[in-house]
Amino acid sequence: MRAGPKGTVDVASLDLAGYPASRAKRRERFVTDYLITPRGVGAKEPFKLRPFQREIITGAFGPGIRTALVSLPRANGKTMLAAALGLAELFVGDASAEVLVVASDQRQSAITLKYAKRMVELNPELGERVQVYADRLYLPENDATLLPLPAEPGALHGHDPSLLIVDELHVVTEAVWEAVTSVTGKRPESLTLAISTPASSPDSIMWRLVEHGRAGTDKTFYFREYAAPDGCAVDDRKAWRIGNPALACRDPFLSEDGLEAARKTIREPVFRQLRLGQWVTGVESWLPWGAWTDCAVDRRVSPGERVVLAFDGSASGDSTALVGCTLDGHLWVEGLWENPGDPRWRVPREDVSHAVDVAFDRYSVAELACDPWGWRSEIESWAQRHGEKRVLEWNTGAAQRMAPATDRLFQAVTTRAVTHDGDERLAAHIAHCVAKRTPMGDLVSKDKRGSPRKIDAAVAAIVAFDRAAWHQTRNRKRTRSFAS
């Protein structure tokens with residue numbers, strides 16, 4: 001790249017008169033006619049579109065498509081394809097085409113620009129027509145620009161993109177996505193194309209768009225998801241090929257030994273997310289991947305059975321949980337009240353109190369351990385009705401007490417010394433838990449402050465299991481004392 005002012009381009013425009021009218025076919029044709037692979041497999045050879053890449057182009061640039069989302073594991077050529085499509089847009093897109101490449105930061109977005117620059121440099125026909133600047137590409141004959149931008153709302157306003165590429169949507173915030181969508185759609189034909197690995201949490205704009213795409217009800221939205229089958233073994237190489245099209249296609253550019261090396265050096269949930277394209281809840285979770293599911297059994301707690309109950313309540317619009325545990329360590333949800341998404345919703349306190357009374361009538365309750373915050377009057381009422389020795393305050397905010405209880409359930413889950421009934425709501429709350437390190441041991445918390453992903457049932461399960469273990473231990477001591 002020459003520094004300083006650029007010279008006047010005095011060569012004729014490329015002859016694209018014979019190109020097809022189809023948006024997708026025009027871009028495919030340009031990529032294969034003019035682009036050179038800048039690095040990796042096939043470096044310095046004509047850019048060879050694999051079948052899965054043609055599928056993406058055909059779908060994303062289909063008639064009437066305004067937004068496209070491609071979920072794809074790492075190392076499947078996402079950024080390289082984005083650079084190729086961005087460069088093609090300069091030549092075969094709208095007059096005065098504007099290509100914006102948005103990534104998590106300026107450095108990441110510049111990677112796409114770097115690939116596009118190298119493609120220009122490798123083909124003299126492009127090199128003598130495209131002006132290469134440090135921060136952008138410019139095609140004078142068409143007044144077209146390719147410009148990388150950081151994922152910051154302020155940087156996106158004032159543009160009129162014909163193609164807006166979002167690289168790694170999983171790190172993009174709601175505010176950035178709103179800024180992205182606010183500048184698109186001004187042209188008769190324009191496309192927002194997001195290419196990304198899955199996010200580490202369903203609490204993300206990408207997950208919302210994945211759900212939208214899976215529903216299949218929006219004709220202007222193209223969605224393609226490449227992922228290994230749910231539940232597959234992490235070392236299943238057939239599943240690897242299903243999730244990684246660059247591994248399974250003709251002339252692959254991804255190798256199995258590279259995936260195997262990654263599998264051995266990163267945690268399983270991270271491997272599933274980044275290299276198998278799966279949506280997993282264990283990337284940052286408290287429990288190991290699949291450990292909670294492995295403890296599910298088909299069991300119903302019998303009326304009159306000796307149990308412990310644990311209560312974790314919300315004072316207003318959050319969720320409230322009542323979880324039970326038998327003395328031999330079987331957990332179930334006795335009651336769970338969750339906000340359905342209504343900002344005016346409040347916990348139905350009378351329903352909660354009724355559920356507590358029903359549980360005391362149904363089972364032989366050794367103890368009801370209650371987090372007192374916001375529910376002191378109800379706890380006092382329960383103690384009056386069911387016995388002050390059986391209804392106890394158990395402050396879940398006390399780390400010196402909660403940390404050992406958290407560790408107890410963790411160890412029980414990983415050794416399958418606890419069982420549960422497979423309740424999906426409890427499983428979701430367990431999956432939402434992130435381990436928070438403290439000097440007293442791990443505590444569970446939400447993935448971030450203000451997250452809508454609730455963990456109240458998980459907290460109640462930790463307390464219930466801990467108190468059930470205490471009562472079981474006391475019963476054993478009494479039995480040994482009586483026998484002696």
Side-chain angles (χ1 to χ4, degrees), residues 201-203 281 285-286 292 296 300-301 303 307-326 330-363 365-386 390-397 402 405-406 409 420-434 443-468:
S201 166
D203 183 20
T281 55
S285 69
W286 166 52
W292 180 257
R300 292 193 177 185
V301 182
V307 303
V308 166
L309 300 173
F311 173 78
D312 186 39
S314 163
S316 56
D318 212 335
S319 62
T320 290
L322 180 64
V323 174
C325 187
T326 61
H330 178 75
L331 290 160
W332 81 98
V333 177
E334 183 66 21
L336 182 58
W337 297 265
E338 296 185 281
N339 189 332
D342 182 353
R344 298 168 298 177
W345 185 85
R346 293 294 180 267
V347 178
R349 289 174 177 261
E350 291 184 2
D351 293 350
V352 174
S353 288
H354 177 70
V356 169
D357 293 339
V358 168
F360 268 93
D361 290 340
R362 180 180 298 142
Y363 309 111
V365 179
E367 177 184 311
L368 168 62
C370 307
D371 185 11
W373 188 82
W375 287 79
R376 289 190 181 276
S377 61
E378 283 85 357
I379 293 171
E380 291 175 0
S381 177
W382 298 338
Q384 291 174 359
R385 293 199 296 272
H386 304 294
R390 290 201 293 169
V391 179
L392 307 176
E393 290 189 3
W394 209 98
N395 184 1
T396 61
M402 194 66 183
T406 301
L409 183 56
H420 60 84
D421 63 354
D423 188 290
E424 293 183 357
R425 301 167 299 169
L426 177 55
H429 282 226
I430 290 286
H432 295 165
C433 290
V434 173
L443 300 174
V444 295
S445 67
K446 295 180 179 181
D447 55 349
K448 60 185 178 182
R449 186 174 184 145
S451 172
R453 307 176 74 213
K454 306 307 180 186
I455 65 171
D456 305 84
V459 171
I462 290 170
V463 175
F465 184 77
D466 183 71
R467 298 307 297 160

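Not measured: the values here are computed from a predicted model.
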Enquirer: Treating S314 as the side-chain partner and S319 as the backbone partner, does any N or O pair qualify as donor plus acceptor under 3.5 Å?
Expert: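 Such a contact is absent between S314 side chain and S319 backbone.
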
Enquirer: Under a 4.5 Å cut-off applied to non-hydrogen side-chain atoms, are V459 and V444 in contact?
Expert: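 Touching, per the 4.5 Å side-chain cut-off.
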
Enquirer: Decide whether D421 and H330 meet the rule of one side-chain donor and one side-chain acceptor closer than 3.5 Å.
Expert: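 Note: D421 and H330 side chains miss the donor-acceptor criterion.
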
Enquirer: Which atom names give the shortest non-hydrogen contact between V323 and A461, and what distance separates them?
Expert: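 Smallest interatomic distance, heavy atoms only, reads CG1-CA, 3.9 Å.
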
Enquirer: Let me confirm one number: the CD-CD distance from E380 to Q384, rounded to the nearest 0.5 Å.
Expert: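 Here the interatomic distance stands at 7.0 Å.
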
Enquirer: Would you indicate whether the side-chain heavy atoms of F360 and R385 approach each other to under 4.5 Å?
Expert: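 Answer no - side chains too far apart.
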
Enquirer: Side chain to side chain contact (heavy atoms under 4.5 Å, CB included) with W286: which of T406, L443, V434?
Expert: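 It is T406; the other options fail the test.
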
Enquirer: Do L336 and H429 come close enough that some side-chain heavy atom pair is under 4.5 Å?
Expert: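 Of all side-chain heavy-atom pairs linking H429 with L336, at least one is under 4.5 Å.
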
Enquirer: How far apart are the closest heavy atoms of L322 and F311, and which atoms are they?
Expert: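 L322 and F311 have their closest heavy atoms at CD1-CB, 4.2 Å.
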
Enquirer: Report yes if some heavy atom in the side chain of T326 is under 4.5 Å from a heavy atom in the side chain of Y363; otherwise report no.
Expert: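 No, side chains not in contact.
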
Enquirer: Should D312 and T320 be marked as a side chain to side chain contact (heavy atoms under 4.5 Å, CB included) after you check the CA-CA gap, both sets of side-chain angles, and the distance that decides it?
Expert: CA-CA 6 Å; D312 186 39; T320 290; over 6 Å; no

Enquirer: Starting at CE of M402, measure out to CG of N395 and round the result to the nearest 0.5 Å.
Expert: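 M402 atom CE to N395 atom CG measures 10.0 Å (nearest 0.5 Å).
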
Enquirer: Would you find a donor on one side and an acceptor on the other, under 3.5 Å apart, between the side chain of H432 and the backbone of K454?
Expert: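 Looks like yes, one N/O pair under 3.5 Å.
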
Enquirer: Can you see which heavy atom on C325 is nearest to which on W332, and at what distance?
Expert: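 It is N-CZ3, 3.3 Å.
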
Enquirer: Are R425 and E338 ion-paired here, with the side-chain N under 4.0 Å from a carboxylate O?
Expert: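 No, R425 and E338 are not salt-bridged.
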
Enquirer: Just wondering, do H386 and L368 contact through their side chains at under 4.5 Å, heavy atoms?
Expert: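 Not in contact.
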
Enquirer: Does a side-chain heavy-atom distance below 4.5 Å link L409 with L331?
Expert: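 They are in contact (side-chain heavy atoms under 4.5 Å apart), so the answer is yes.
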
Enquirer: N339 side chain to D342 main-chain N or O, any donor-acceptor pair under 3.5 Å?
Expert: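 Between the backbone of D342 and the side chain of N339 there is a qualifying donor-acceptor contact (under 3.5 Å).
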
Enquirer: Check for me whether R349 meets the cation-pi criterion with W375, that is, NZ or CZ under 6.0 Å from the six-membered ring centre and within 45 degrees of the ring axis.
Expert: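 Flagged: R349 positioned over aromatic ring of W375.
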
Enquirer: If you look at every heavy atom in V463 and A369, which pair is closest and at what distance?
Expert: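 V463 and A369 have their closest heavy atoms at CG1-CB, 3.8 Å.
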
Enquirer: Which heavy-atom pair separates A321 from A457 by the least distance, and what is that distance?
Expert: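 Shortest heavy-atom separation between A321 and A457 comes out as CB-CA, 3.5 Å.
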
Enquirer: Looking at every heavy atom in both V365 and A359, which two are closest together, and how far apart are they?
Expert: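 Scanning both residues completely, I find the closest heavy atoms to be CG2-O, 3.8 Å.
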
